[in-house]
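Single-structure report; data block below.
One-based numbering along the sequence shown. Counting starts at 1 for both ligands and their atoms, in listed order. Only a predicted model underlies this, so the values are computations on that prediction, with no experimental measurement involved.
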Amino acid sequence: MPRKIIPFTKPECPGIFCEGSTCVLEEAAKDGVRTYVQRMEDRAIQPCLFGQGGTCCRNCSMGPCMMIDNVPESIGICGATPATVAARNFLRMVAAGSSAHMDHGRETALTFLAAAKGEAPFEIKDEKKLHFIAELYKIKTEGRSKEDIAIELGAKVLAEFGQQEGTLVMNSRAPVKRQALWKKLGVMPRGVDREVVELMHRTHMGTDQDYHNLIFQATRCALADGWGASMIATELQDILFGTPVPLRTVVNLGALSEDHVNIVIHGHEPQVPEAMAIVAQDPEIAAAAQAVGAKGINLAGVCCTGNEILMRHGIPIAGSFVQQEVVLATGAVEAMVVDVQCIMQGLANVAKCFHTQLITSSPRAMIEGATHVEFDHHRALDIAKGIILRAIENFKRRPKKTRIPDRKMDVVAGFSHETINHMLGGAFRASYRPLNDNIINGRIRGVGAVVGCDSCRVESGKVHTTVVKELIANNVLVLVTGCAATACGREGLLRPEAAELAGPGLREVCETVGMPPVLHMGSCVDNSRILIAATEIVREGGLGDDISQIPGAGCAPEWMSEKAVAIGHYCVTSGFYVVFGRTFPTTGSKDVTEYLFKDIEQEYGGKWAVEEDPTKMAQMMIQAIDKKREALGIQEKKERVLFDMAMRREL
Ligand code: BF8
Ligand code: SF4
């Protein structure tokens, strides 16, 4: 079929795709490759305002009913108000986002159990953490083999997914005061899956019609994600594949190699790449690659599967969410293996323009036009080997001309909460004391979490880095995960050298310890590491007795996925102030938005906000941090530094 050539108007190119004058997307577009750039142009209409603000209901066939707030006639056929509809839609986003993490957690637990029984080819790597988590689950560890403990742990964790009553074990890791509050408010999750089912039931036509009562269930579901499934995923992955420690690697498109077989791993679960990382070491594989004229195998990640293997193996990340099609448009990828979440359907068409094989590996995520090679953890190595051999074979078909931009940046990643503990406290007595002391003495003003997606709707990447630079210039230590972390990596903010951009106090701490001012804590399920880090700060003492008191704030400046909503909501109801960028999904209803942006703070000590301008967003976070410092009585008056253009240019 002849390809339609679409004139390429460069989007607000953030410079993450190109080197000098060669833009990968522009060059590829000349050859007829269509990516999100053309799709956005072709759509020609702006996003629907009813949908954007959450006041379009299509929960029954009498609708869809679009509503305008405060117009009495503008309610649903059934009488549903904009508040009810906006709340129901918010809940459904929380349910979908939480479910993504819950299914991920379940899959991890199944692999974990299979490995413990010797039915999957993975070895338990972190025995110390195995014992710690097993003890949380009240499992006897003394005198037992690691496999034995892991079998009991795996079974107990899996049972929590279908649990109907009681509470989740991981919830008991939250500060005591927070747990008491959740109990008092009745939002302690009773089981992982149960909370999603009840949520979906409540949002069914004609069920829960009180926005406050609806959001109550969003909270219980989101907590079952953050302090449940996500934490389970992180901890079991650490036990099985290793708890991350700081390591150096690179990010960006230049992570692809001209002379190696490039295999890109994209999605969210670490099982496939873990197996591939093992198989890629096999001398037989190296020989097969050489036989087709390649120097070897080059594994590179995209999105959070990328973050998982970056954190544990130092395997580079070729691109974030927005860059996924660009990675293929280089023409240098033999195979892209995708599992679940954040995989653009457009990849299939981009792959078709090249020799690239797009391979789906999960029965839960198939794409028309892709080849399906189903992963099964029991046969993990055989399947991984099969995929690698396909890619090697495909190397022969790589076009002569490829477009790998010479763009990559050094990063230091691997900051698990355990690492931070050791890094700051020392090898002999791991402790958060030095961090707390530096917050109390004001060298570090507070902690800012910058997390979440990048988006085609903004000048991608730059929004994140503007927020982050503003925060560190004002002595806020920044924790990053997900695609926000990749964006910071591309701009050199994950190197210890970035301490030069920090305010004097933070800079001094970073230089003493040799750490970057922006700490990469992993994938999006690893936001649970941030919850634990916050809890450790509370436990260490001197900064209040609950998460809502510590000088901290979070944001998702370029959020786009439903997972971001679930994460944001478990953070707010854990006591954080959370700012979303550009849009917020309930703005069509004043009542619901006022509750989430204001009144919810009375109940949970945290609240939501939205702000499009990244500099303002950072200043809002700094203000929130200063307010907490004042309440703790540790605030001295300080000038707020605005990160000006000269400083930006200097970078
Ligand atoms: O889970 S940050 S775009 S890749 S949703 Fe997706 Fe967003 Fe990236 Fe990771 Ni998280
Ligand atoms: Fe309209 Fe009510 Fe049906 Fe929603 S549930 S589509 S508001 S009639």
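- Near Cys65, the atoms of ligand 2 lying under 4.0 angstrom from a non-hydrogen atom of the residue are 1 (Fe), 6 (S), 7 (S), 8 (S).
- The nearest heavy-atom contact from the protein to atom 10 (Ni) of ligand 1 is Cys524 SG, 2.2 Å.
- Heavy-atom contacts of Gly63 reach the following atoms of ligand 2: 6 (S) (cutoff under 4.0 Å).
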(message) I'd like to know whether Asp42 forms a salt bridge (charged side-chain N to carboxylate O under 4.0 Å, His left out) with Arg39, so could you lay out the CA-CA distance, the side-chain angles of the two residues, the decisive distance to 0.1 Å, and finally the verdict.
(response) CA-CA 5 Å; Asp42 289 355; Arg39 292 194 297 274; over 6 Å; no
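- The Cys78 neighbourhood of ligand 2 comprises atoms 2 (Fe), 5 (S), 7 (S), 8 (S), with distances under 4.0 Å to a heavy atom of that residue.
- Between the side chains of Asn307 and His520, at least one donor N or O lies within less than 3.5 Å of an accepting N or O.
- No donor-acceptor pair under 3.5 Å is formed between the side chain of Gln357 and the backbone N or O of Ala335.
- Donor-acceptor pairing under 3.5 Å is lacking for the side chains of Ser416 and Thr243.
- Aromatic ring centres of Phe580 and Trp608: separated by under 6.0 Å.
- Remark: among candidates Gly206, Cys60, Pro82, Cys56, the nearest residue to atom 3 (Fe) of ligand 2 is Cys60, based on non-hydrogen atoms.
- The protein heavy atom nearest to atom 5 (S) of ligand 2 is Met205 CG, 3.4 Å.
- Using a 4.0 angstrom heavy-atom cutoff, Gln209 does not count as in contact with ligand 2.
- Selection from Ser561, Cys303, Ala564 by nearest heavy atom to atom 5 (S) of ligand 1 gives Ser561.
- Close approach of ligand 1 to Met560 is summarised as follows: ligand atoms under 4.0 Å from at least one heavy atom of the residue are 3 (S).
- Ligand 1 has no atom lying under 4.0 Å from any heavy atom of Gln341.
- Side chains of His104 and Gln237: a donor on one and an acceptor on the other come within 3.5 Å.
- Side chains of Thr111 and Thr108: no donor on one and acceptor on the other come within 3.5 Å.
- When each of Leu253, Leu25, Ile317, Leu328 is tested with Gln323 by the rule side-chain contact (heavy atoms from CB on, under 4.5 Å), just one qualifies, namely Leu253.
- Looking at Thr586 and Thr593, their side chains do bring a donor and an acceptor atom within 3.5 Å of each other.
- At the shortest separation from atom 8 (Fe) of ligand 1 among protein heavy atoms lies Cys483 SG, 2.4 Å.
- Side-chain contact annotation: Glu325 with Asn349, donor-acceptor N/O pair under 3.5 Å absent.
- Atom numbering of ligand 2 starts at 1 in the shown order; those under 4.0 Å from a heavy atom of Cys57 are 4 (Fe), 5 (S), 6 (S), 7 (S).
- Residue-ligand proximity, Ile77 to ligand 2, at heavy-atom distances under 4.0 Å covers atoms 8 (S).
- The distance from ligand 2 to the heavy atoms of Met67 drops below 4.0 Å at these ligand atoms: 7 (S).
- Residue contacts with ligand 1 do not include Ser523, since none of its heavy atoms lies under 4.0 Å from the ligand.
- At a heavy-atom distance under 4.0 Å, only side-chain atoms of Cys342, from C-beta outward, approach ligand 1.
- The closest protein non-hydrogen atom to atom 7 (Fe) of ligand 1 is Cys453 SG, 2.6 Å.
- With a 6.0 Å radius and a threshold of 12 heavy atoms from other residues, nucleotides or ligands, Arg364 has its CZ atom above the threshold.
- Proximity of Arg88 to ligand 2, defined as any heavy-atom pair under 4.0 Å, is confined to the side chain (atoms from C-beta onward).
- Among all non-hydrogen protein atoms, the one lying nearest atom 4 (S) of ligand 1 is His268 NE2, 3.2 Å.
- Distances below 4.0 Å separate heavy atoms of Gly76 from the following atoms of ligand 2: 7 (S).
- With hydrogens and angles left out, the side-chain atoms of His266 and Thr305 include no donor and acceptor closer than 3.5 Å.
- Of all atoms in ligand 1, listed by their number and element, those nearer than 4.0 Å to a heavy atom of Cys304 are 1 (O), 4 (S), 9 (Fe).
- Side chains of Asn527 and Thr481: a donor on one and an acceptor on the other come within 3.5 Å.
- Between Lys563 and ligand 1, a contact under 3.5 Å exists for at least one N or O pair.
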